[in-house]
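One structure is given here, and the rest of the page talks about it.
Values reported hereafter were calculated over all heavy atoms of this structure, with side chains retained and with hydrogens, waters and symmetry mates removed.
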Amino acid sequence: MRQPLLLGLLAGLVAALFVASLAVGPAGIGLRGSLAALVAGGDGPAPLILREIRLPRALLGLLIGAGLGLSGAALQGFLRNPLAEPGLIGVSSSAALGAVVAIYSGASAAFALALPVFALAGALLGVLAILALAGAAARTLTLILAGVAVSALAAALTSLVLNLSSNPYAAGEIVFWMMGSLADRSMLHVAIAAPFILAGGIALLTLGRGLDALTLGEDAAASLGIGLAAMRLRLVLGIAAVVGAATAVAGAVGFVGLVVPHLLRSATGARPARLLWASALGGAAVVLAADVATRVIAPERDLKLGVLTALVGAPFFLHLIRKTAREAA
């Protein structure tokens, strides 16, 4: 499919789902009433619901989905592996650990924004640990191993915090937060996450030429003037900014960066540079659709966004593993 047509279709889908995210909810305002309340404002509960509850949720779905889809496409292109996922480098686990510490210590109860701030600090410490272990100019395998080590350590420390928590309410809050959700977020959360996601996304979008060159192999890319060490560092920092900010405000939302690039790869002619923009739009569409689905499927049960994406993404991941094994046989 031609790139402008594909991007136009995906942009239209994202716009439709963004409007649906504004219109769907337990208040039952409806599409026309929602748009009127959002644009015109006025008195009453409708403008408050739209501007303070639904709009931040829709904006975060757009930003987080685009960032995760873009991160997955960039990492898969760099590693030349369709099974790669942004959480591979350990930033999401580190961010989750920071948020868990905020809940366990009571900081999140004392200060409303302590949770995302602690999560961003955890993501920063995680990427610093990865760079310290692997080095800025490390080879790909060393980078992956460092990410796996940091992820395992962060997961172990998170389990330790849960194990030591004497407050069942804090433990329950930790568990529910780690499931991932866009509910009860405000424009402050948007303001916290947006700069990091946008900066990381811009850094990843500049990798297109290098990713195309890498399809010929690292030696061929180096001969074409691609600085692999600088490219690797930009990739790690870009993914860290995007995934860290997404985890900080929404918890763990998995499999978006794995599934979306794979679904769109054939439509882009398997060119990594083209896949970056398509995956950003596709990721936004997937997260917005999943968030709308959580409000429709079980509105009274507060179905978590991360649970739904995992239920869809895990079987798809198993399918990818079987397909890869058959192709290698």
Side-chain angles (χ1 to χ4, degrees), residues 1-11 13-14 17 61-92 140 143-144 147 196-216 218 221 226 228 231-247 253-290 309 312-313 316-317 319-321 323-324:
M1 183 181 297
R2 292 184 177 180
Q3 184 77 351
L5 176 59
L6 175 63
L7 295 182
L9 291 174
L10 289 172
L13 178 61
V14 170
L17 289 169
L62 177 68
L63 287 169
I64 291 171
L68 293 178
L70 175 59
S71 298
L75 189 62
Q76 290 177 15
F78 182 78
L79 299 179
R80 286 156 289 165
N81 188 338
L83 299 181
E85 201 264 341
L88 184 67
I89 64 172
V91 178
S92 56
T140 300
L143 180 66
I144 293 174
F196 292 95
I197 294 177
L198 292 175
I202 291 171
L204 294 175
L205 286 171
T206 62
L207 299 176
R209 177 174 173 269
L211 294 177
D212 281 346
L214 272 176
T215 59
L216 303 174
E218 290 191 4
I226 303 299
L228 295 179
M231 181 180 175
R232 189 179 296 111
L233 180 60
R234 203 184 321 159
L235 176 82
V236 171
L237 294 178
I239 292 178
V242 170
V243 176
T247 307
V253 181
F255 292 99
V256 176
L258 171 69
V259 173
V260 171
H262 182 78
L263 291 176
L264 296 172
R265 185 168 284 108
S266 60
T268 60
R271 285 190 57 183
R274 291 182 176 181
L275 186 60
L276 294 178
W277 283 102
S279 294
L281 291 171
V286 166
V287 172
L288 285 171
T309 57
V312 175
F316 188 85
F317 185 54
H319 165 71
L320 280 181
I321 293 175
K323 180 180 177 181
T324 303

If you take all heavy atoms of S71 and L204, which pair is closest and at what distance?
OG-CD1, 3.6 Å
As an exercise, state the distance from CG of L6 to CZ of R274, rounded to the nearest 0.5 Å.
10.0 Å
List in chain and number order the residues that pass side-chain hydrogen bond (donor to acceptor under 3.5 Å, both in side chains) with R209, two or more places apart in sequence or in another chain; answer none if no residue qualifies.
none
Between side-chain atoms of residues 81-92 and protein atoms elsewhere (two or more places apart, or another chain), which donor-acceptor pairs fall under 3.5 Å?
| residue | atom | partner | partner atom | Å |
| --- | --- | --- | --- | --- |
| N81 | OD1 | L83 | N | 2.9 |
| E85 | OE1 | G87 | N | 2.9 |

Going by atom types alone, do Q76 and R265 pair a side-chain donor with an acceptor below 3.5 Å?
yes
As an exercise, state the distance from OG1 of T268 to CH2 of W277, rounded to the nearest 0.5 Å.
14.5 Å
Mind listing the closest non-hydrogen atom pair of A246 and I64 along with its distance?
CB-CG2, 3.8 Å
My understanding is that only residues two or more places apart in sequence, or in another chain, count here; which of them pass side-chain contact (heavy atoms from CB on, under 4.5 Å) with A213?
A221, L224, I226
Smallest separation among heavy atoms of A203 and T206, with atom names:
O-OG1, 2.6 Å
Check the pair V286, L68 against side chain to side chain contact (heavy atoms under 4.5 Å, CB included), reporting the backbone distance first and the verdict last.
CA-CA 10 Å; V286 166; L68 293 178; over 6 Å; no
Rounded to the nearest 0.5 Å, what separates atom CG in L143 from atom CZ in F78?
7.0 Å
Measure across P272 and L211 and return the closest heavy-atom pair with its distance rounded to 0.1 Å.
CB-CB, 3.6 Å
Here the gap from R271 atom CZ to D212 atom CG, rounded to the nearest 0.5 Å, amounts to 4.5 Å
Please enumerate all residues that pass side-chain hydrogen bond (donor to acceptor under 3.5 Å, both in side chains) together with T215, with sequence neighbours excluded.
none
Heavy-atom pair of closest approach, residues A241 and F196:
CB-O, 3.5 Å
L275 side, atom CG; H262 side, atom NE2 - distance, nearest 0.5 Å
11.0 Å
Contacts of A66 that satisfy side-chain contact (heavy atoms from CB on, under 4.5 Å) - sequence neighbours left out:
A280, A284
Side chain to side chain contact (heavy atoms under 4.5 Å, CB included) for L63 and L198? Distances and angles first, verdict last.
CA-CA 8 Å; L63 287 169; L198 292 175; 4.2 Å; yes
I'd like to check the side-chain contact (heavy atoms from CB on, under 4.5 Å) partners of V287; sequence neighbours left out, ordered by chain and number.
L182, V256, L305
Taking atom CZ of R80 and atom CD of E218, what is their separation to the nearest 0.5 Å?
5.0 Å
Here the pair of heavy atoms bringing L281 nearest to A11 is CD1-N, 4.1 Å
Does L70 form a side chain to side chain contact (heavy atoms under 4.5 Å, CB included) with V242? I'd like the steps, not just the answer.
CA-CA 9 Å; L70 175 59; V242 170; 5.9 Å; no
